[in-house]
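Position 1 is the first residue of the sequence; numbering continues from there. Here the structure is a predicted model, which means the values were calculated and not measured.
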Amino acid sequence: MGGLRRKYSAGTMSVGSIFRLFIIVSVLVIAAAVVSTTILALVRFGSSMLLSDQWTDFDYTRRLAEGSLRFADLFDQHNEHRIFFPRLIFFLDYLVANNTNTVDLTFNVLIAAGTLFSILALYRKLEKDRGIYLGFAAIGTAILFSLSQRENFLWGFQVQFFGAVAAAAGAFLAFAVSIERARRGVAAMGPRCLAYVLVLVDTYTLSNGILAAFLLIPMALALRAGRAIVLATLGWALLLAVSYFLNFHPVQGHSPYLYSLTHPLDYLGYLSGYLGNLVTCLGIAEPLRSRAAILLGAIGLLLTLAALARSLRTWDEPPARVALLALMLFVLGTAMLTALGRITFGMEQAFSGRYVTPVSVFWVAHICYWAPLRRLRDGLGLGLALAGAVVVAGLTLCAVKGHLRGWQEGNAQALTTAKARDAILSDVRDVSTYQSVFPVAEVIVQHVPFMRNHHLSVFADPDNRLLGQKPDWLAVTLANRCIGAFDLTALLSSSGGELSLAATGWAWDQARGKAVARLLFTDAAGMVVGYAGGGWPRPDVRLAIPAVRSGAVGWTGFLKAAPATLVRAYALLPGHRACVVGEKITPSDDSHLVPLSSLGAAISVSSAPALSGGWSQDGQNAAAGSLSLDEVVYGSWSGTDGNVGEMRVGPFTATHSRIAFPMVTGPHAENQVAVLLDAETGIELRRYPLFTSLTWTGLEIQLPEAAVGKAVVLEFRDQGTGWGEWSAVGGLHEVVSDNPTP
């Protein structure tokens with residue numbers, strides 16, 4: 001900026017100079033705002049919770065902790081990738097930060113910064129105008145740090161997506177520097193070896209990383225590096241390829257390569273949509289979104305071919321420009337490989353947020369490649385410059401708009417992740433909540449005890465390990481510090497005389513003028529029985545209570561408690577202080593097991609049950625045997641524990657306050673429930689957990705007063721995909737000792 005100040009203070013500035021300075025300063029401000037708010041998003045929305053693939057890859061960290069990990073295990077495939085170097089970062093997060101993602105998320109930012117440094121270092125070798133350099137550098141910074149890449153920035157596992165392009169960019173920069181040094185007669189072995197090391201890192205970061213090693217070969221040829229260097233580079237690339245594909249096994253479920261060969265137009269469309277996926281950040285509706293992405297991607301494809309043709313025609317390009325071209329080709333090759341393996345998944349797959357990172361690098365490399373070639377002396381040059389300015393402005397708009405959307409989506413993701421965190425901390429097995437962070441709840445259940453015992457991930461914070469304890473500081477509460485409500489508890493399951501409940505409400509810290517971020521629940525004895533997290537939208541509270549100055553004062557959480565017991569909700573404040581938000585009496589135990597002999601007359605139902613998902617006639621596991629009563633049986637097992645679904649019985653008129661039915665479950669009945677619904681409105685009247693019973697028995701349930709004498713539906717739901725999670729029931733019966741309504 002010092003040069004700019006001297007230039008523009010040397011006399012009266014022209015209108016054009018003022019406008020140019022305004023544009024440069026504006027994009028610098030935008031870039032600074034994007035980078036700072038991205039870092040703020042990591043602090044605010046980053047979570048210590050493992051997400052998605054982190055749950056399966058945690059096996060390696062666990063083996064490291066247990067001392068059973070072998071060095072060769074680090075090269076095991078993760079899908080088609082060998083993520084050796086990302087696993088080292090995951091291990092560092094375990095050793096330094098107890099698997100809280102602190103190290104992982106920090107590396108996401110540092111690696112993105114490394115990519116930016118490599119590209120701008122190449123650009124600086126080509127750009128003579130410092131002001132233009134600063135302007136385009138700011139635009140590149142905004143694109144590379146935009147939260148349109150939220151999926152990668154806020155997910156610790158995605159160090160590999162940043163790492164793959166960063167290692168490639170660094171390798172091409174190092175190789176270009178080695179050529180420059182060799183031409184000046186300076187020792188070039190250091191940067192050349194660094195390039196070889198970086199392509200090694202790239203190969204064992206993501207599967208597409210092997211492309212970087214092979215792109216060094218045409219770089220060496222184009223830059224006339226000499227026969228020895230070309231052969232050495234070729235040998236190193238082949239060695240990496242052989243090592244990578246040794247004992248490699250194909251991944252099931254990917255698109256057959258023959259499909260792309262027989263559908264070339266579909267392939268080209270997917271490829272273009274991938275390269276233009278930045279447009280999706282604008283929030284355009286289909287089909288315009290796909291068309292815009294394909295158009296932008298097609299422009300990028302043509303520009304890449306033009307750059308390649310230019311280099312092949314002249315064979316006298318500066319090393320920095322060849323390196324930028326190699327980076328474009330690296331992302332193009334990545335897109336081609338992705339299209340080969342995922343084209344049948346649909347265009348939506350090309351728009352996945354994880355692919356925005358390499359595509360952002362692709363376009364920044366293009367900007368830095370073409371900007372120094374601008375020619376403004378004739379009409380053609382001016383026209384091309386104007387077209388380029390339109391494309392750059394569009395890319396900047398996509399980055400900014402995607403950044404704003406990414407912030408909103410990051411907030412929503414943080415709430416969802418916090419809900420799963422609180423279910424795990426509360427030891428409440430709510431399958432739908434678990435599946436928000438990993439689709440197979442059983443994997444989470446498998447790892448949680450180890451994490452709890454070793455204080456890892458969400459259990460690293462001592463305040464998250466209070467379940468079943470009675471903290472002394474919780475007894476000293478602050479009067480009138482908080483206002484709020486304990487609104488609702490929903491019964492999720494019942495086991496061993498203990499209810500698993502979901503709870504909601506709102507809370508406001510009056511002293512700090514802020515919504516409450518964390519809460520916990522205690523039972524009548526003062527023992528901690530669950531956790532909740534704040535920040536959920538409750539605009540109704542703000543409208544009703546002027547003192548509440550935020551619409552995000554809602555909270556949601558989970559707890560385990562005995563039936564018909566008092567549960568109190570506390571807002572957690574800084575310094576181990578707390579204030580009471582509200583209290584509730586947990587639902588009474590309105591269902592219990594009874595002998596089959598106590599079942600009375602069958603209740604008449606006008607139609608056969610409506611079945612969905614895994615429910616079928618005689619669908620119980622064979623281990624349960626057949627029902628001794630002469631009636632039709634329906635079960636959710638139907639061949640596998642993983643089946644889920646619903647069976648609706650009714651409508652029927654409940655003339656008694658209690659009814660019963662025969663039932664049997666698998667070894668795990670935590671996610672098997674019966675829900676009583678109003679037949680006319682569909683409103684849920686009551687929920688009854690099915691108790692674990694490996695043999696046929698009766699379950700008697702107490703109906704709410706509002707249901708007696710009215711048309712109701714009883715809906716049986718299997719919500720569990722894990723081993724032993726299924727149920728089966730027979731017909732509905734009256735209870736002999738019950739009194740009918742008058």
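- Applying the side-chain contact (heavy atoms from CB on, under 4.5 Å) test between Leu296 and each of Val359, Leu275, Leu395, Leu301 identifies Leu395 as the sole match.
- Judged by distance alone, with hydrogens and angles left aside, the side-chain atoms of Glu80 form no donor-acceptor pair with the main-chain N or O of Pro250 at under 3.5 Å.
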task: Show your reasoning for whether salt bridge (charged side-chain N to carboxylate O under 4.0 Å, His left out) applies to Arg310 and Glu317.
output: CA-CA 9 Å; Arg310 187 179 187 281; Glu317 294 276 45; 2.5 Å; yes

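- Between Trp407 and Phe45, the ring planes lie perpendicular to each other; the angle is over 60°, past the 30° to 60° tilted range.
- Geometrically, Arg289 does not engage Phe351 in a cation-pi contact defined by less than 6.0 Å to the ring centre and at most 45° from the axis.
- Cation-pi geometry between Arg124 and Tyr133 is met: the NZ or CZ atom falls under 6.0 Å from the ring centre, inside 45° of the normal.
- For the side-chain contact (heavy atoms from CB on, under 4.5 Å) test, residues two or more places apart in sequence or in another chain that qualify with Pro86 are Ile83, Phe90, Val159, Gln160, Thr205.
- Note that Arg87 lies in the cation-pi zone of Tyr60, set by a 6.0 Å cut-off to the ring centre and a 45° limit from the axis.
- Looking at every heavy atom in both residues, Met347 comes nearest to Ile294 through CE-CD1, 3.9 Å.
- Residue pairs that meet the side-chain hydrogen bond (donor to acceptor under 3.5 Å, both in side chains) test with at least one member in residues 206-232, sequence neighbours left out, are His81-Ser207, Asn208-Thr334.
- With a 6.0 Å cutoff to the six-membered ring centre and a 45° limit on the axis angle, Arg192 does not count as a cation-pi contact of Phe175.
- Nearest heavy atom pair, residue Asn277 against residue Ala350, reads ND2-O, 3.3 Å.
- For Leu51, the side-chain contact (heavy atoms from CB on, under 4.5 Å) test picks out Met49, Gln54, Trp155, Gln413, Thr417, Val437, with sequence neighbours left out.
- By the side-chain contact (heavy atoms from CB on, under 4.5 Å) test, Leu302 pairs with no residue at all, sequence neighbours left out.
- A salt bridge between Arg62 and Asp59 is absent, with no side-chain N of the basic residue lying under 4.0 Å from a carboxylate O of the acidic one.
- Residues His447 and Phe438 are not in side-chain contact: their nearest non-hydrogen atoms beyond the backbone lie 4.5 Å or more apart.
- The side-chain hydrogen bond (donor to acceptor under 3.5 Å, both in side chains) contacts involving residues 166-181 comprise Lys125-Glu180, where partners must be two or more places apart or lie in separate chains.
- Aromatic ring centres of Phe153 and Phe161: separated by at least 6.0 Å.
- Take Leu223 and apply the side-chain contact (heavy atoms from CB on, under 4.5 Å) test, not counting sequence neighbours, and it matches Ile179, Arg183, Met219, Pro319, Val322.
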task: Evaluate the side chain to side chain donor-acceptor pair (under 3.5 Å) criterion for residues Asn101 and Ser48: first the C-alpha distance (whole Å), next the side-chain angles of each, then the deciding distance (0.1 Å), finally the verdict.
output: CA-CA 5 Å; Asn101 282 319; Ser48 58; over 6 Å; no

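- Here the side chain of Asp202 pairs no donor or acceptor atom with the backbone of Ala167 at under 3.5 angstrom.
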